[in-house]
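Side-chain atoms are counted along with the backbone in the values below, which use heavy atoms only and exclude waters and symmetry mates. Chain A is the first sequence line, chain B the second, and so forth, proteins listed ahead of strands; every chain is numbered from 1. Keep in mind the model is a prediction, meaning the values are calculated, not measured.
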There are 2 protein chains.
Amino acid sequence: MQKIDTKTKILNAAEQLFAERGFADTSLRLITSQAEVNLASVNYHFGSKKELIQAVLARYLDVFSPALELSLQNIIDNKDRISQIEVFNCLVEPLLSLDAFRHQGTTMFLSLLGRGYVESQGHLRWYIMTNYGNVVATFNHVVREANPHLSKEEIFWRLHFTLGTVVFTMASSKALIEIAKADFNADVNIEGLIHRVIPFIAAGVSSPA
Amino acid sequence: MQKIDTKTKILNAAEQLFAERGFADTSLRLITSQAEVNLASVNYHFGSKKELIQAVLARYLDVFSPALELSLQNIIDNKDRISQIEVFNCLVEPLLSLDAFRHQGTTMFLSLLGRGYVESQGHLRWYIMTNYGNVVATFNHVVREANPHLSKEEIFWRLHFTLGTVVFTMASSKALIEIAKADFNADVNIEGLIHRVIPFIAAGVSSPA
DNA sequence: AACATTTTAAAACAAGTGTTTAATTACAGG
DNA sequence: CCTGTAATTAAACACTTGTTTTAAAATGTT
């Protein structure tokens, strides 16, 4: 059994609690008690709660962002015509690979992203854009190539609709999966949810103008 | 100039702040100072913050819910085959009529609903279901009739995807409309946004299984 | 070994939270 | 008028929050 350092213990406890309860409803005392470290150590290692939130997300984005970039460049180089569903499929592997990175990594990452978008007043959005904006730009570019029949404006709206679908679904994915289990006796995991949502948003994005 | 009673002044201030900043990030002191009433009056009139949140939502649901019920019953009685887009169109008028009920009522209501769904641990969902569950049931019923090719479970998921799209879009509609105006010189209002999102979600919901 | 640095620990801090209390004011009906 | 209920107010309550402080312990370096 290897020894886990305090910094990692905090990140592990924090990401789980953040994903489950949101940022505002998760106190540092809850985090440190679950991580079995001293309260003061989070300020010692991260500076502040805000920076801890960013560090939690950065751990995933540093893995996800290059993987998505690679996946997108791949279809840019190899495909002449790109369909919308292919674009969304670029997200699948980078997302699912997060499960190898950490237990329930995919769910965790998407929940955190969702929480970040609806909870934060902007500091997270700003942090993501200034640190990982290049991938976002590439994604936008590919979507435009996949939908030459749509105007810039139409794409703008539909991508935000898409973002809403994904972010909202993932932010409440745990609750939804539990309800589905209770009401339909259905065993759904995050991979199933992703493959269920992609046809939905692809149909929406590529619907006639 | 008529005198507005304290209870209403609190509700008016609360709904605006709740919609903008969420429930957790809005303190009673912020509400009462904006409403220009005493701090204690919210507990006097509503009992607790939790009950205030419910009262804020109830004010809209009491208007929206019967209007939607009527709209749904109308197509149940008069149509033999119901298309999904017709179902969603049932929402338009009841939603837009909230703008007559209160200034920016449509945006407000959808924002509050979205906040409630992602923030609350369940007490709001429970409150809505036990008080307005009949309309939800009717809506579900109509959607099923419009999509006989889809299983109950599939409909469950797609309706939640839809909810995510709408709620997220409307919650950030103010910012999105401003961006659209700056980037595309496009003049979009809430009504235009609703008519833009309906084809998107209708295509998603009715896409092949 | 001794020194220097990094990390942990307990405690206190200042500020903010929802809620309650007790006293005062407003305003009815008799 | 007076009386009793309703409404408002200022103050305090008990508690939680993120952050700092100060000291001790662990760790690394020469």
- Could you pull out all residues at least two apart from B/K50 that satisfy salt bridge (charged side-chain N to carboxylate O under 4.0 Å, His left out)?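 Partners of B/K50 under the salt bridge (charged side-chain N to carboxylate O under 4.0 Å, His left out) test: none.
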- Sequence neighbours excluded - side-chain hydrogen bond (donor to acceptor under 3.5 Å, both in side chains) pairs with any residue from residues 27-48 of chain A: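 Qualifying pairs, neighbours excluded: A/S48-A/E51.
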Looking at residues at least two apart in the chain, or sitting in another chain, which of them share a side-chain hydrogen bond (donor to acceptor under 3.5 Å, both in side chains) with [X]?
X      : answer
B/S151 : none
B/T107 : none
A/R158 : A/E154, A/S207
B/T138 : B/E69

- Task: Report yes if the distance between the aromatic ring centroids of A/Y60 and A/F101 is under 6.0 Å, otherwise no.
- Result: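 Yes.
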- How about B/F168 and A/F168: are their ring centroids closer than 6.0 Å?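 No, they do not, as the ring centres are separated by 6.0 Å or more.
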- Message: Contact list please: residues 51-60 of chain A against DNA chain C, heavy atoms, distance less than 4.0 Å, in numerical order.
- Response: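 Close to the strand, none.
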In whole angstrom, what separates [X]'s [atom1] from [N]'s [atom2]?
X     : N      : atom1 : atom2 : answer
B/D5  : C/dC27 : CG    : P     : 13 Å
B/L17 : C/dT17 : CG    : P     : 12 Å
B/E36 : D/dT8  : CD    : P     : 14 Å
A/N38 : C/dT8  : CG    : C1'   : 6 Å
A/H45 : C/dT6  : NE2   : P     : 12 Å
B/I10 : D/dA7  : CD1   : P     : 12 Å
A/K7  : C/dT6  : NZ    : C1'   : 12 Å

- Task: Counting Watson-Crick and G-U wobble pairs whose two distances are both under 3.5 Å, find the runs of 3 or more in a row that involve DNA chain C.
- Result: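 Expected stems, ordered by start: C:2-25 with D:6-29, C:27-30 with D:1-4.
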- Which residue pairs pass the salt bridge (charged side-chain N to carboxylate O under 4.0 Å, His left out) test when at least one of the two sits in residues 162-171 of chain B, sequence neighbours left out?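 Passing the test, one end in residues 162-171 of chain B: no pairs.
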- Query: Taking only side-chain nitrogens and oxygens of A/T6, does any of them come within less than 4.0 Å of OP1 or OP2 of C/dT8?
  - Reply: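 For A/T6, the contact criterion (side-chain N or O under 4.0 Å from OP1 or OP2 of C/dT8) is met.
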- Task: Would you give a per-nucleotide map of nucleotides 14-20 of chain D, 5' to 3', where B means the base has a protein non-hydrogen atom under 4.0 Å away, S means only the sugar-phosphate does, and - means neither?
- Result: ---BBBB
Counting only pairs under 3.5 Å, give me each side-chain donor-acceptor contact of residues 182-193 of chain B, with atom names and distances, residues two or more places apart or in other chains.
| residue | atom | partner | partner atom | Å |
| --- | --- | --- | --- | --- |
| B/D187 | OD1 | B/K181 | NZ | 3.4 |
| B/N189 | OD1 | B/E191 | N | 3.4 |
| B/N189 | OD1 | B/G192 | N | 2.8 |

Identify every side-chain donor-acceptor pair in residues 89-99 of chain A under 3.5 Å, counting partners at least two apart or on other chains, and give the distances.
| residue | atom | partner | partner atom | Å |
| --- | --- | --- | --- | --- |
| A/N89 | ND2 | A/I85 | O | 3.1 |
| A/S97 | OG | A/E93 | O | 3.4 |
| A/S97 | OG | A/P94 | O | 2.9 |
| A/D99 | OD1 | A/G105 | N | 2.8 |
| A/D99 | OD1 | A/T106 | N | 3.2 |

